[in-house]
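Let me begin by presenting the structure, written as structure tokens, before commenting on it.
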Amino acid sequence: MMPPFGLLHRRAWASLFGQLLRPSGLVCIGEVHFHSQVSEAVLISQLKPHQEKSNFVIKTPKGTRDLSPQQMVVREKILDMVIDCFKRHGAKRLDTPAFELKDFDIAGQFDPMIPDAECLKIMCEVLSGLQLGDFLIKVNDRRILDGILAVCAVPQSKFHAICSSIDKLDKIPWKDVRHEMVAKKGLAPEVADRIGDYVQRHGGVSLVEEMFQDSRLSQNKQALEGLGDLRLLFEYLTLFGIAEKISFDLSLARGLDYYTGVIYEAVLLQTPAQAEECLSVGSVAAGGRYDGLVGVFDPKGHTVPCVGLSIGVERIFAILEERMKTAGLKIRTTETQVFVATPQKNFLHERLKLISELWDAGIKAELLYKNNPKLLTQLHYCEHMGIPLVVIIGEQELKEGVIKLRSVASREEVAIKRENLVAEIQKKLSES
């Protein structure tokens, strides 16, 4: 299971809310965050009267991973995709310290399950956009889980420990989880068996309705509240067209105490080949509702409802990197569109004039930093770097007032009048 998503970061910005009236919906991107604009007026009205100084200090995390140019290309594509999705949903930048998980959070008093449904929609859009393959988002509610433990006669003092065991069901079979509950955590065997009747079940909205009819669970107020919210959530998810991607999974625990309601976790579904290779990547995104966390850090304890999600960018990066390596795919490390080459000596000045013209036109271009490079070396460089076009200038071209435009992939060349070169390059680039 994915590690606790941005706990320290969430605490940090929760403290900021109490001090600086910053709105919610932070999205952590490198050292830039986003928040949902719709939350801003609501949150300011809720927190403005309660500004106070705090001794809570926010520190920028230390330690980074060195990335090669190829790795940076993959990572930036992931981040661009995530950022575009967040902005599409009304996110706004905030400049605050950042952690490696990329968050989208909505805070403020809103009608039930509307922000929660949007968070799940965002999660679906990001995972679909990254083309990671088929995925499933497991959904549960901490109130339902607590209700299950209560009606199964688990002592309150053991709730946290038993939740921790239940959370392992995505990795180990029920018999091992049951053994841990009984042998290591002192739970009565009959109580563990009652828990097993619930936590091994998963399905869609029909399972929500079944749980409403459960003779034991329907007597628990907390569980009924959670089930009512899930029923409403599935109604909105159906309208968003993503209900088939969501599974009501009674084993999902997200073992963090600050969750207060809906919780969710996205997993990639293995292909037969991946299953054969025992390739398991765990969750790639997660989140939930944590209505009490802001109040913990507000000196006056004012409550601000919050819901959010985290995208596991580093885990997704590792998955895509491994897939590209396995498939033998080559990654371009530059965005160069055109290479300026010459087949002859003493043409550096002409190459410099030509490349300056391309740069001024907004075309991404480069050349070799040599006075007299060999043409074959220049062409090999273009093939190695994946540069699509080469412009070639030599004595004959200069004499005729033309430039040769070469396609690296097909090796076809055409002569173009010097004054038409920029327009022709732009046309070819737009067609590719």
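Each residue takes its place number in the sequence, starting with 1.
When side chains are defined from C-beta on, Tyr264 counts as touching Val307, because their heavy atoms get closer than 4.5 Å. Residues Val191 and Val182 fail the side-chain proximity criterion, which asks for heavy atoms closer than 4.5 Å. Considering only heavy atoms from C-beta on, Leu405 comes within 4.5 Å of Lys428 through its side chain. Considering only heavy atoms from C-beta on, Val208 comes within 4.5 Å of Phe234 through its side chain. Between Arg142 and Cys163 the shortest side-chain heavy-atom distance falls below 4.5 Å. Between Phe339 and Leu379, the closest side-chain pair of non-hydrogen atoms is not below 4.5 Å. Contact check for Leu268 versus Asp134: no side-chain heavy atoms found under the 4.5 Å cut-off. For the pair Cys124 and Phe135, the minimum side-chain heavy-atom distance is below 4.5 Å.
Taking both residues in full, the closest heavy atoms of Gln378 and Pro373 are given as NE2-O, 3.4 Å, listed atom of the first, atom of the second, then distance. When every heavy atom of Leu237 is checked against every heavy atom of Ile246, the shortest pair comes out as CD1-CG1, 3.7 Å. Contact record, Ala223 with Ile144: O-CG1, 3.8 Å, taken as the closest heavy-atom pair. Between Leu217 and Gly147, the shortest heavy-atom distance links the atoms CD1-C, 3.9 Å. Here the closest non-hydrogen pair linking Glu357 and Val422 is OE2-CG2, 3.9 Å. Smallest separation of non-hydrogen atoms from Ile106 and Phe110: CG2-CE1, 3.9 Å.
For Asn140 (side chain) and Leu252 (main-chain N/O), a donor-acceptor pair under 3.5 Å exists by modelled atom type. A side-chain donor-acceptor contact under 3.5 Å links Arg323 to the backbone of Leu132. Between the side chain of Ser356 and the backbone N or O of Leu352, no donor-acceptor pair lies under 3.5 Å. Not a single donor-acceptor pair under 3.5 Å links the side chain of Glu322 to the backbone N or O of Ala318. A distance-only check finds a donor-acceptor pair linking the side chain of Arg315 to the backbone of Ser283 [under 3.5 Å]. Not one N or O on the side chain of Arg406 forms a donor-acceptor pair closer than 3.5 Å with the backbone of Val390. In this structure a side-chain-to-backbone donor-acceptor pair under 3.5 Å is present from Trp359 to Ala365. Listed for the Ser218 side chain is a donor-acceptor partner under 3.5 Å among the backbone atoms of Asp214. A donor-acceptor contact shorter than 3.5 Å links the side chain of Thr260 to the backbone of Asp291. Formation of a donor-acceptor pair under 3.5 Å by the Ser430 side chain with backbone atoms of Lys427 is found in this model.
Between the CG atom in Asp80 and the CZ atom in Arg75 there is a gap of 11.0 Å [rounded to 0.5 Å]. Note that SG of Cys306 and OH of Tyr290 are 5.0 Å apart. Values are rounded to the nearest 0.5 Å. Residue Leu149 holds its CG atom at 10.0 Å from CD of Gln222, rounded to the nearest 0.5 Å. Distance check, rounded to the nearest 0.5 Å: CG of Leu309 to CD of Glu118 gives 9.5 Å. For the atom pair NZ (Lys158) and OG (Ser164), the distance works out to 13.0 Å, reported to the nearest 0.5 Å. The distance from the CE atom of Met113 to the OH atom of Tyr236 is 9.0 Å, given to the nearest 0.5 Å.
The number of heavy atoms from other shown groups lying within 6.0 Å of CZ (Arg88) is above 12. Summarising the local packing, CD of Glu412 is surrounded by 12 or fewer heavy atoms from other residues, nucleotides or ligands at distances under 6.0 Å. More than 12 heavy-atom neighbours from other residues, nucleotides or ligands sit within 6.0 angstrom of NZ on Lys185.
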Can you check side chain to side chain contact (heavy atoms under 4.5 Å, CB included) on Glu235 and Leu232, steps first, answer last? CA-CA 5 Å; Glu235 181 182 325; Leu232 185 60; 3.9 Å; yes
Run Arg143 and Asp229 through salt bridge (charged side-chain N to carboxylate O under 4.0 Å, His left out) and show every step you take. CA-CA 10 Å; Arg143 293 166 295 177; Asp229 277 350; 2.7 Å; yes
Determine whether Glu366 and Thr334 satisfy the following criterion, side chain to side chain contact (heavy atoms under 4.5 Å, CB included), listing intermediate values before the conclusion. CA-CA 10 Å; Glu366 62 177 293; Thr334 74; 4.1 Å; yes
Could you walk me through whether Ser165 and Arg178 satisfy the side chain to side chain contact (heavy atoms under 4.5 Å, CB included) test, starting with their C-alpha distance in whole Å, then the side-chain angles of each, then the deciding distance to 0.1 Å, before giving a yes or no? CA-CA 8 Å; Ser165 295; Arg178 182 187 182 278; over 6 Å; no
Given Met211 and Tyr198, is the side chain to side chain contact (heavy atoms under 4.5 Å, CB included) satisfied, shown in steps? CA-CA 9 Å; Met211 291 297 100; Tyr198 287 105; 4.2 Å; yes
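Of the options Leu127, Leu130, Val126, Ile311, a side-chain contact (heavy atoms from CB on, under 4.5 Å) to Cys85 is made by Val126 and by none of the others.
Glu180 and Lys168 are joined by a salt bridge, as a carboxylate oxygen and a charged side-chain nitrogen come within less than 4.0 angstrom of each other. The pair Glu265-Lys138 fails the salt-bridge criterion, with no side-chain N (NZ, NE, NH1 or NH2) lying under 4.0 Å from an Asp/Glu carboxylate O.
Evaluation of the side-chain hydrogen bond (donor to acceptor under 3.5 Å, both in side chains) test over residues 202-212, restricted to residues two or more places apart or in two chains, returns Arg201-Glu210, Glu209-Arg231.
In this model, a donor atom of one side chain and an acceptor atom of the other lie less than 3.5 Å apart for Ser251 and Asp249.
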